[in-house]
Each structure stands twice: as C-alpha cells, then as structure tokens.
*Asks:* 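Dumping the structure here so I can ask a few things about it.
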Amino acid sequence: MVNKEIQQVPLTLSVDLQQLISPQQAWHYQIIPAFKNETELCFFVSSQGDYTEKKEELQLILGKSIQFEFVPQEKIGVALNKFYRQHDLNGKVLKFSSENSNRFLERLLEEAKSLGSSDIHIEIYAEKARIRIRIDGVLVERYKLDKQEYPALVNQIKIKSNLDIAEKRLPQDGRMTLNQLQSKLELRVSILPTLYGEKIVLRLLSNDATNIDINHLGFEKRQLEDFLLGTKKSFGLVLISGPTGSGKTTTLYATLKILNEEKTNILTIEDPIEYTLEGINQVQLKESIGLTFSKALKTFLRQDPDIIMLGEIRDAETAQMAVRAALTGHLVLSTIHTNSAWATISRLIEMGIPAYLLANTLNISMAQRLVRKLCVHCKQEVTEFEGLKIPTPLKLDFPTSHFISVGCEHCYYTGFSGRTAIYEVLCLDEELTHMVRENDHRIEPYFEKNEIKNLVHSAWRLYLNGVTTFKEIYPILIN
Ligand SMILES: [Zn+2]
C-alpha cells in the first residue's frame, strides 16, 4: 500500500532503449535504461548501495561510457516488473530449478514488495503448482511451477525459516529474514499440509512506516480534523473498527507517526508486527507462552508509557484493561471487529464496560474499509447499469454514467491500481458523550444533524467521483 504512489508514476521506456539490455542484466544490476547517444548510455539506478562496481562492469559489457541517474529503489522495482518481466500473465511455465532457487525466491520477494503486496501464496494441486500474489487485496496468479520442482522450493523456504524439512504432515509456522539487495525483509511463514503437498503463505512484514502519510490514506478534510482532535488528548481511547484487511493497522501507524515525539514513550503489542517505526517500542504477541494482549498491557503500565497501541481488543479482559489504562492518564489506541463506529460502543458495553466509564474515556470511535481504485489508464465510462441495484433502505440515486474496470498492462490486467480507505469518524463531543452515557441509540438523527458522513456516504462519494466501481463498494452498501 505504501508504494502505490510511486507505482502510479512509472519510469517510461521506449522499445529501443528497452532492448539495450537483456531482462537478466536489468534484474541483475537493478537498472532501467534512461537514454543513449553515440558514446554514452544512461541508466536509472537506485542511490542505495554501491554502484561504482556496477558501473565498471556495465562499461565492460556494453562497451560504452555509463552514466547513472538516481531514483528511489521502489521505482526501479516497479519498472523492472513492468518492462522486464520474464513471464507473462497467461501462464508460461517459469523455469525454477534447484540451482536458481535462491535467486528465484529473492526475485519473487522483491517483486511482491515492489507491488506493495502483503502475501504470497505458494500452492500445489493435482496437475500444477502455482504462485499467487495479493495485489490491492486480491490474489493474482503470477507464476506456474513445474510440479517436480515444488518440493525444492518448499525445502528452501523451510531451511531459511528454521523449520523441520522432514515434517510434511503437520502445519508449521516460522519467520524468515532475508537480506535483500538493499533492504532487510521480514516474513512470517505458514505451512499447511494439503491433499497434494504443503501450501505456503508468506506474509511480508516490517514495512517501514516512515512512508505512510495520514494525509494520503483517504480521510476527507473534516474527518481528519475530527480524528486528529481525538488523538491529541493526553489520555483516552481511540478505537478503529473494521474487518480484517481494512487498513486499520496502517491508520494506526500513520497516527503513531504523528504522535511519535522525543518526549513521549510509546509501547505497542501486536500480532504480527506489520510495520516498524523508529523510536517506538514494539512487542510481538506470543499467546503460546502466555504473552497475551491483557498480560502485555499489565506490564506496559509499569513501563511508564504515555501512549499504548494494542493490536486488537478481542475479549472483555483486554477491553477492561484498555479502559482502565485510558482512565489513568494514557492514550490508548486499538482496533476492534465491529461493523460501524457506533457498533463499537454497543460492543464495549456488551463486554461489560459501564456506559458512564466509556463516555468518560472514549475520544474517537472510527470505522473504516478499503476499496480498490480504478486504474486511471484503462477505466471506462459507460451509461449501462444492467444488473446493478441499490439496496432498498438506502436513499441513493444512480448517476447518469459511471466507470467500470477493464484491465491493461499498467494494472496487471486487474482493472484496479492502489486502494483507498473510507472512513466514518465519531468524535465524542458533548452531545455524543451524553448519548453514550444514557445508552441512547438514536444515532442516525445525530449523523444527519451534524452532517457526519457514514461509511455508505463516504463510499458513494468515491463511486460518484469515478474513483471506484459500484461492485467494489457494494459490500459496504449492504452492511
Ligand atoms: Zn489498467
């Protein structure tokens, strides 16, 4: 998600420049041709790492004077995938062999990272083995593998993550750290024995949070102002609700980045740690050894924290501890699985939090979802609405035209590129605090009177503006 902006401004490349080097050379040296003349060749290259050696080797290979133009590594990654991909999406068998297995895995991870992907699925069936990568929340098939080579890849991943290569019948979980070309990559490894062999899911972790910017997540101006108001208080609860994969963690980290100052002590407990942020103390949840959210929270309170981030409120005990921590002068940020900002309040009361305590401690309750954005290169405006229906209780009207997804090389034929969050922000003002205390459930009139956008309105606006499709927001409309 972090790299989406870079992805949308790819380096351009004409065919004769592209043919200056082979795909192997491009990937090996991590370069993209920029321009050429009689005596000179210029390449885009990342400014990270040692490039003097690269330059000398390229001068020898290509027989011309070499110049470098420096661009961010992410741009190189995206351009390599775009211009020098060594397979096509129609599924040529990729030659993976035990000899090139190291490079293959490295390349696969580099590719997944440059696409801003969160997971890689490596799986085997009766006839074939394949690799799918999650791009913008949707799995896309990227490689087909020779079935005979599959065990070699599985073993390599097991060795790198210190798992038992002899164990093929039980699930295994591990972690893998790879020193990539320029950066360190942390992965969570999950192995599941299936009918035809072991399925592996690699989750890319430790994305550096420094690139997340709260201004680019999808907040509307007033929503962001309301939200920030609630996070600037020195104590209280800030809760974000939404299903798995709705971008809650990204919002939390964007917030922590703003709050991360020299004078504050920030502690987090998470499962898994998805981002790293310099200056905060992050703890990995380990339920198997008893390090649970509530246990960690108890210890945290003796560590003189100012701000605590709890990965998730899953049970009554954690909820009660979070409220207690907020009451005793700490700012507590967390997430919870509910459908809306208002449902979070009922949920906490169900968990045994007295309404008056909640009214005193809750600063912000916010709900969020992620929707895919249409690829700007191929989206198509149409006046057809066949088969589409607005769910009945909603007072919405179709526009005269709207956009549908098509698919092109820019978006890897998915029709979408990048995602945006949509929000519903409830900032507990005097009126709302009163409603919570009195257990008053007439929230709709409050929304209307105060002109607060709920998830449906936020989603509908994106659809009307041609940012996304009706199908993409439909799950939000029926919720
Ligand atoms: Zn496209």
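Here the structure is a predicted model, which means the values were calculated and not measured. Along the sequence shown, residues carry numbers from 1. As the structure lists them, so they are numbered: ligands from 1, and atoms in each ligand from 1.
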*Asks:* Among residues at least two apart in sequence or on other chains, which ones pass side chain to side chain contact (heavy atoms under 4.5 Å, CB included) with Ile404?
*Replies:*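 Counting only residues at least two positions away or on another chain, Ile404 forms a side chain to side chain contact (heavy atoms under 4.5 Å, CB included) with Gln380, Val382, His402.
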
*Asks:* Could you check Lys128, Arg134, Arg132 and say which one makes a salt bridge (charged side-chain N to carboxylate O under 4.0 Å, His left out) with Glu141?
*Replies:*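 When Lys128, Arg134, Arg132 are each tested with Glu141, the salt bridge (charged side-chain N to carboxylate O under 4.0 Å, His left out) holds only for Lys128.
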
*Asks:* Mind checking ring-ring contact (aromatic ring centres under 6.0 Å, His included) for Tyr253 and listing every partner two or more places apart, or none if nothing turns up?
*Replies:*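 Listed in chain order: Tyr275.
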
*Asks:* Once rounded to 10 degrees, what value does the angle at the Zn ion (ligand 1) take between SG (Cys408) and SG (Cys375)?
*Replies:*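 An angle of 110° at the metal.
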
*Asks:* Taking the six-membered ring for Trp, are Phe385 and Phe398 parallel (under 30°), tilted (30 to 60°) or perpendicular (over 60°)?
*Replies:*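 Judged by the thresholds at 30° and 60°, the geometry between Phe385 and Phe398 is tilted.
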
*Asks:* At the Zn ion (ligand 1), what angle lies between atom SG of Cys411 and atom SG of Cys378, rounded to 10 degrees?
*Replies:*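 Roughly 110°, rounded to 10°.
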
*Asks:* Under 2.8 Å from the Zn ion (ligand 1), is there any N, O or S atom belonging to His377?
*Replies:*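 It does not; every qualifying atom lies at 2.8 Å or beyond.
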
*Asks:* Any N/O/S atom, backbone or side chain, of His410 lying under 2.8 Å from the Zn ion (ligand 1)?
*Replies:*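 Checking the Zn ion (ligand 1) against His410, no N, O or S atom falls under 2.8 Å.
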
